[in-house]
Amino acid sequence: MLQTTERGLYCSAADVYIDPWLPVERAIITHAHGDHARWGSRHYLASREGGRVLRTRLGADANIELVDFGESRNINGVSISLVPAGHILGSAQVRLEHNGDVWVVSGDYKTEPDPTCSAFEPVRCNTFITESTFGLPIYRWCAQEETFAGMRAWWAENAALGRASLVYAYALGKAQRVLAGMLDAGIGPIYTHGAVERLTIDYRKSGVALHPTSAVVAQPRGTTYAGSLIVAPPSAAGSTWLRRFGDLSTAFASGWMQVRGARRRRSLDKGFVLSDHVDWPALIDTISATGAERVWVTHGYREQVVRFLRDKGLDAHSMASHWEGEDEQGPAVADEEAIA
Amino acid sequence: MKRFAQLYSAIDSTTSTNRKVDAMAEYFASAAPADAAWAVYFLSGGRPKRLIGVRRVAEWAMAESGVPPWLFEECYHAVGDLAETIALLLPDHVAPHALLPRPLHDWVENVLLPLGNMSEDEQRQAVLNAWRQLDGTERFVWNKLITGSFRVGVSGQLVVRALARASNIDEGVIAHRLSGHWTPTAESFSALIEPDSSDADRSRPFPFYLAYALEGELESLGNPAQWQAEWKWDGIRSQVIRRDGQTYIWTRGGELATDRFPEIVAAANALPDGTVLDGEIMPWMNGAAMPFAQLQRRIGRKKLGPRILAEVPIVLIAYDLLELEGRDMRAAPLTVRRAALANICQCDDGRPERVSRHERSEGPALLLSPIITLQTWSDARAAHAGSRDHRAEGLMLKRLDSEYGVGRRKGSWWKWKVQPFSVDAVMIYAQPGHGRRALLHTDYTFAVRDGDALVPFAKAYSGLTDTEIRELDAWIRRHTIEKFGPVRHVEPVHVFELHFEGIQHSPRHKSGVAVRFPRIARWRTDKTASEADTIETLRTLLEAAK
């Protein structure tokens, strides 16, 4: 039903692409991260839940059609519907059914609960196309409550020393998850980088409860940040933008922080393990929950996951894509986009 | 163990030296002496001799976590650290253990050290038990300890500073008490931080005084008449101690090496009691230094047979006197120490090539480091330019009034190394690094041109900025021709200027040469692979270095 082409993952029966990396006529978008939602296509189909953030990302002129989760569209005899993927606000899996054959494209996903988006739903299918960003057994996430408790303790310790705390978190998704995790933490206003603030407003307008924020850019000159918490995208690291904060402790919220070398390389004071992707056990469990007899594995540790699944007797294949993952770019650029 | 693991995390999670020292000082001030003693031992780089085969530990971890060997290998490549890979893979505890927490010294003395004398099966049981009793960071630290790979970003000097901060005792006193064969027991830890104990263990060396690399112009040092220059020898920095009728040789690495250098022991036995010399152990023949590789060859031998002793004779080139007739001379000015040194070596300082009284057929084993007198800074420049003719790495510049300090201090001693050798080479292989550089390709192999072929001749790990490493890493992933395990054969495109300290003929290398301390000086983005240096360049350097 699906095949990879130079423009992206293509369904010829319905003549649609899923998260194409080049402009096409009709694109179904799993979520608004830049490596999945690219500019230039004529027509986009996406989830209603993520409508606002996708609009912010694709611009006012994009032709976007929104559907509810579970609502199905019939295109040339292919029944297409979106199912929550639990990755970020509005993230969806794409379910395609044609003559009784069911395919599901996971997009990026996680199975942990996340108050900023609808929870992942496993879908039974014949073929499952899964991501594998953290497809090694060293990646097992600790309970997120533990991570948030650690973050609060870190902030409190810095605040007691009159120091500001800055968390690097990807501007779309991770930043808002941090803000939700800090609700009722007794922290004053949380300051945000402009890129974070814009999307945070979209989240609030979409009905997600987040800790109050205030954009750094809106603060008067001479504002002191001692004792405050700041959320900024990883790209702000090492920039002169940081100078205004004075004595500062820095941390990064990402699944990559599971590995000590990744923390140390960035010269961070803290690494908080917080991922919007499935960890290894959830990846393997999810694949078996779909009941799929065939699995395509994309971006991440796909060769390793394919080998593991084949050893378990599954018909697994590696699928090259332009969605970003360690094998193409490595966690060195993990700060950006979907990987965070 | 929990507290020690917390200390490890505290040190590991900050880049600030001061915060590291604070964390250690807090630990030393509050931990039980028996635990603090082991913390001192491990933090200053102490390692119990081979306890357990690393391979075995990995196999038990695979069995315990149910991860097949190939997947374990993949995980190891991603993490770049075996102890951490194992800690990340081991299953979580089913139920929180209700066992009494065991302190560090208990773990070390009753579990870790006995491992070395156990059968494989007993070892396995002991290690599995430990894993089941420890969690998170404790497991990681434990794995580091049993595999002998415990390292955290502190130097022995920082441990000394932390001990001084915790005990309010002078750093120099602590360093002196710690040097030599310090044993990690509660008693010796208490003695270490005791306000006053004139306890001198007679074998103990003084902490070595280290020089910084000269940064600015020579002229910034002021009047050349206030300085003396000596060759910077490329040997093993050592102290030779003569006390109570015994001789001890300590290397700067903290190793008691008396047995390795019988020639020096024979010469030192003639020194008066209460003498400590500081100098360089050098391979020396016919009145001249031999290449460092010869010394390495000799150190590599387990047994010193008559043949190696004849092929690679050793001398001590003495350059300082730290103790005279049992008195600590370190606070005396260099000129005074030097005069006493010349006197004790029984030679006239004006004739540095003269010999000690212990004559051998190969010549004396105790030499006095020649002084290069400086009238002007041009004299220093001229001497510096001729360093390689003496097989020296450059010059040492010491202020005539300088005392013999503790550790590395700026100001009165400088090392001024000669320009390294330099070659433009092509990167052909890359593999991921370890520790801080795990997940990134940071270990590179470089080649020179030989006709149309590329001949690998050096590996280098350092010299690029973090930004360059990331850029190169992304490029490597996209331009891999072939993979051999973790090693990627990449397109021969990028040229780097490599620096190295020495070059030697080597039949074991494809290129026929081995280079010493290769590192990347810069990324030559202005050059293409066809403009890289050739094997001929290396051969010319080899000729010149002979």
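We use all heavy atoms of the structure for the numbers below, so side chains are in, but hydrogens, waters and symmetry mates are not. Proteins get letters first, then strands, A, B, ... in listed order; numbering begins at 1 in each.
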Trainee: If you look at every heavy atom in Arg19(B) and Asp269(A), which pair is closest and at what distance?
Mentor: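 Looks like NH1-OD1, 4.1 Å.
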Trainee: Do other residues, nucleotides or ligands put more than 12 heavy atoms under 6.0 Å from Lys270(A) NZ?
Mentor: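 Result for NZ/Lys270(A): open.
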Trainee: Around Glu6(A), counting heavy atoms of other residues, nucleotides and ligands shown, do more than 12 lie under 6.0 Å from its CD?
Mentor: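 Result for CD/Glu6(A): open.
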Trainee: With a 3.5 Å distance limit and no angle check, can you tell me whether Glu74(B) reaches the backbone of Gln304(A) through a side-chain donor-acceptor pair?
Mentor: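 A pair under 3.5 Å: no.
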Trainee: Where is the tightest heavy-atom contact between Arg260(A) and Asp81(B), given as atom of each residue plus distance?
Mentor: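 Closest approach of Arg260(A) to Asp81(B), heavy atoms only: NH1-OD2, 4.1 Å.
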Trainee: Is the number of heavy atoms from other residues, nucleotides or ligands within 6.0 Å of CD (Glu26(B)) greater than 12?
Mentor: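 It does not: Glu26(B) CD has 12 such atoms or fewer within range.
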Trainee: Atom SG of Cys75(B) and atom CH2 of Trp280(A): how far apart are they, to the nearest 0.5 Å?
Mentor: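 It comes to 7.5 Å.
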Trainee: Is Leu90(B) close to chain A through its backbone or its side chain, or both, or neither, when contacts mean heavy atoms under 4.5 Å?
Mentor: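 The backbone, not the side chain.
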Trainee: Heavy atoms only: give me the nearest Leu88(B)-Gln258(A) pair and the separation to one decimal.
Mentor: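 Closest heavy-atom pair between Leu88(B) and Gln258(A): CD2-NE2, 3.6 Å.
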Trainee: Among Ile86(B), Val67(B), Val79(B), which residue meets the side chain to side chain contact (heavy atoms under 4.5 Å, CB included) test with Ile138(A)?
Mentor: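 The option that passes is Val79(B).
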Trainee: How many angstroms lie between CG in Leu71(B) and CZ in Arg307(A), if you round to the nearest 0.5 Å?
Mentor: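 Reported value, rounded in 0.5 Å steps: 8.5 Å.
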Trainee: Of the backbone (N, CA, C, O) and the side chain (C-beta and beyond), which part of Phe72(B) lies under 4.5 Å from a heavy atom of chain A, both, or neither?
Mentor: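 No part of it gets close to chain A.
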Trainee: Please determine whether side chain to side chain contact (heavy atoms under 4.5 Å, CB included) holds for the pair Asp311(A) and Trp70(B), giving the CA-CA distance in whole Å, both sets of side-chain angles, and the decisive distance to 0.1 Å.
Mentor: CA-CA 11 Å; Asp311(A) 286 353; Trp70(B) 69 267; 3.4 Å; yes
